[in-house]
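Quick note: numbers below take in every heavy atom, side chains included, and nothing from hydrogens, waters or symmetry partners. Proteins get letters first, then strands, A, B, ... in listed order; numbering begins at 1 in each.
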There are 2 protein chains.
Amino acid sequence: MNDITRPVLPPVPIAPPPDDPLFVDAIARGFQVLSAFHGASGPLSLGEIAARSGLGKSAVQRIVHTLRHQGYLRRDPRDRGYLPGLRLLDHALDYQRLDPQIARVLPVLMELRRETGERVDFSLRDDLRLVYALRFQSKRGFYSASLIGTSVPLYCTAGGLAVLSRLPRPEAEALLARSSLVPYSQRTLTDPQAIMARVDQARTDGFAIAQEEIVAGEIALGVPVLDEGGQPIGAIHVAGSLSEWDAGSFARSFAPLAMTAAGGLGGG
Amino acid sequence: MNDITRPVLPPVPIAPPPDDPLFVDAIARGFQVLSAFHGASGPLSLGEIAARSGLGKSAVQRIVHTLRHQGYLRRDPRDRGYLPGLRLLDHALDYQRLDPQIARVLPVLMELRRETGERVDFSLRDDLRLVYALRFQSKRGFYSASLIGTSVPLYCTAGGLAVLSRLPRPEAEALLARSSLVPYSQRTLTDPQAIMARVDQARTDGFAIAQEEIVAGEIALGVPVLDEGGQPIGAIHVAGSLSEWDAGSFARSFAPLAMTAAGGLGGG
DNA sequence: GCAGGCCGTATCGCTGTGCGATATGGATGT
DNA sequence: ACATCCATATCGCACAGCGATACGGCCTGC
């Protein structure tokens, strides 16, 4: 299998699974099957899908059959099981096309990319996580450099801290309490109080800095993006390499640019 | 509405809708609702979704309810209807993560981006169209520069012609016959024989060139990407601006690099 | 060789669920 | 004030989708 060829991202705190038994209807089952691939590292067989999705084998059989016909699932070229299908990208495109926030941020982000010369991202908050929605690489992109949809936790990323800093403090604390504070690297803080200290710092600074909290050798700067009502809906990131920058110079170089970019959105 | 703020892409030749009545089951209905957004240019109301998806209003009501709860659909922030939800990006990520072809092409494409300095893409064939699966922008990205999932027809794009050139000639002709040859710009060829001449040219050259066939001011070079069996599964593109290049210099500069990149994949 | 898995596929009733029909109240516009 | 569209809710019946089961092909191990 090709497990080894790709860097295994840390397990992502996936969105809140709506366990409400009311909503486990047939429509949801189709997506349960697709969601079976979230933790996968290669093609899945019918049996594996059934096990991972918690559905019966017969149900999976029928659902997979339909999904294949629709292009949402397909067989592995080497006939080793099933893989997500191309049609999924159509829906991702619709998301990007139609999201007003993305429309608002896209031009600003492109300008920021031009000004900084570094990788810039826009990520959107989904409860306890941030989902990367737009990305412009730098010249030397890392491996996973183009993968939209990657998600990271709020509590240990520059963008996440930036988002937390614009929530009411008790709400941020409650959010941390709901999070499972897993250390993603040696430098990840897992003590809620220490995290809140960084959040407070970010609140006064207007931005947050994170070094190697998810990816080794990477330094990132995050500024919150607010909606019309002043609620933080996501963050703009600037990411660089620690071989070229230290925290001080990175912040001095890019924090004003990033904050100006985010401020120019009209949300605050 | 925000119709105007984004460039309206030409209507995309979407994948073959499997009209097989056998497969219009409940699972498919969930995706029918999501697919209602493919042609949309803003939020959709329940009624609009019902009309576009061909489903009854009650069905749409229930399905939307479920999809909202699962994060695949959400209300427009300004309460003007429904929009695709963030969870869709999770599945798009799974597609990119798990597709062996993408894993194969990604490093090669990054290297090509470094060598050329221009925008490079990898697109995958889905019947009559190419779907952009990976994209690395140049310094000056265009507006839609980061939107994965965009699709373009085979018959009038550099990558599409490259793919056609590696199909058996009768198969390529049959494919053209099935396509609705819409002119996307003044320079789009719609005569099957003229198109086949370009395909033949691409077959001998090993690459194809297209100028402003989809986007004004853009020149693109496409080389086919083959699977282990020698079948064309997609294409690698290099795209530049006509203000900086003409067809001859563009081909001389990048065709060898692109062909070497595609050739280094092991497929042929 | 042959047994034992696990694979994907096919068939077939029963049951439970999702659909159609319908009603209501709130916005919006004229 | 009416008319129109919206989202939401309820309810009973038909039928679609699930569970159970069976079958043939392909490996792996002995």
Side-chain angles (χ1 to χ4, degrees), chain A residues 1 18-37 40-85 98 100 228, chain B residues 1 3 18-37 40-85 98 100:
Chain A
M1 231 48 73
D19 274 339
D20 196 334
L22 202 95
F23 288 93
V24 186
D25 55 17
I27 301 300
R29 288 193 193 100
F31 293 95
Q32 282 183 57
V33 165
L34 291 181
S35 299
F37 289 90
S41 57
L44 298 181
S45 72
L46 281 183
E48 290 172 314
I49 294 174
R52 286 168 168 271
S53 64
L55 299 172
K57 200 184 152 184
S58 288
V60 167
Q61 173 189 200
R62 181 161 190 58
I63 294 168
V64 164
H65 198 201
T66 301
L67 293 179
R68 269 181 75 183
H69 228 256
Q70 310 272 86
Y72 297 106
L73 231 45
R74 57 186 178 138
R75 306 223 48 158
D76 184 56
R78 281 163 299 186
D79 205 15
R80 292 201 151 277
Y82 298 94
L83 287 174
L98 297 173
E228 293 83 351
Chain B
M1 232 46 76
D3 305 26
D19 274 341
D20 198 334
L22 202 95
F23 288 94
V24 185
D25 55 17
I27 302 300
R29 288 193 192 100
F31 292 95
Q32 282 183 58
V33 165
L34 291 180
S35 298
F37 289 90
S41 57
L44 298 180
S45 72
L46 282 183
E48 288 172 314
I49 295 174
R52 286 168 169 272
S53 64
L55 299 172
K57 203 182 150 183
S58 288
V60 168
Q61 175 188 200
R62 181 163 191 54
I63 295 168
V64 165
H65 198 202
T66 301
L67 293 179
R68 270 180 75 185
H69 227 258
Q70 310 271 89
Y72 297 106
L73 230 45
R74 59 187 177 138
R75 306 224 47 159
D76 184 56
R78 280 162 301 186
D79 204 15
R80 291 201 150 277
Y82 298 94
L83 287 173
L98 297 173

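The rotation axes computed at either terminus of the helix from C:dG1-D:dC30 to C:dG29-D:dC2 lie 50° apart, taking five pairs at each end and rounding to 10 degrees.
If you take CG of B:Leu44 and C1' of D:dC5, they are 15 Å apart, rounded to a whole angstrom. Atom pair A:His65:NE2 and D:dA16:P shows a separation of 17 Å (rounding to whole Å applied). For the pair A:Gln32 CD and D:dG17 C1', the interatomic distance rounds to 14 Å; values are reported in whole Å. In this structure, A:Leu73 atom CG and C:dG8 atom P are separated by 11 Å, rounded to whole Å. Between A:Leu83 atom CG and C:dG8 atom P the separation is 12 Å, expressed in whole Å. For the pair A:Leu46 CG and D:dC26 P, the interatomic distance rounds to 17 Å; values are reported in whole Å. Distance A:Asp79 CG to D:dC26 P: 11 Å, rounded to the nearest Å. Between the P atom of C:dG8 and the CG atom of A:Leu67 lies a distance of 15 Å, rounded to the nearest Å.
From B:Asp76, atom CG reaches atom OG of B:Ser45 across 12.0 Å, with rounding to the nearest 0.5 Å. We find the CG-CG distance between A:Leu55 and A:Leu46 to be 12.0 Å, quoted to the nearest 0.5 Å. The CD atom of B:Gln70 sits 8.0 Å away from the OG atom of A:Ser35 when rounded to the nearest 0.5 Å. Taken from CG in A:Leu98 to OG in B:Ser41, the straight-line distance is 8.0 Å, to the nearest 0.5 Å. Atom CG of B:Leu73 is separated from atom OH of B:Tyr82 by 8.0 Å, given to the nearest 0.5 angstrom. Here the CD-CZ distance, from B:Gln32 to B:Arg52, works out to 14.0 Å after rounding to the nearest 0.5 Å.
Checked against salt bridge (Lys or Arg N to Asp or Glu O under 4.0 Å), B:Arg75 has the following partners two or more places apart in sequence or in another chain: B:Asp79. Contacts of A:Phe31 classified as ring-ring contact (aromatic ring centres under 6.0 Å, His included), with partners at least two apart in sequence or in another chain: B:Phe31, B:Tyr72. Applying the salt bridge (Lys or Arg N to Asp or Glu O under 4.0 Å) criterion to B:Arg74, with sequence neighbours excluded, gives A:Asp99.
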Where protein sits on nucleotides 19-29 of chain C, one letter per nucleotide: B base, S sugar-phosphate only, - none, heavy atoms under 4.0 Å: SBB--------
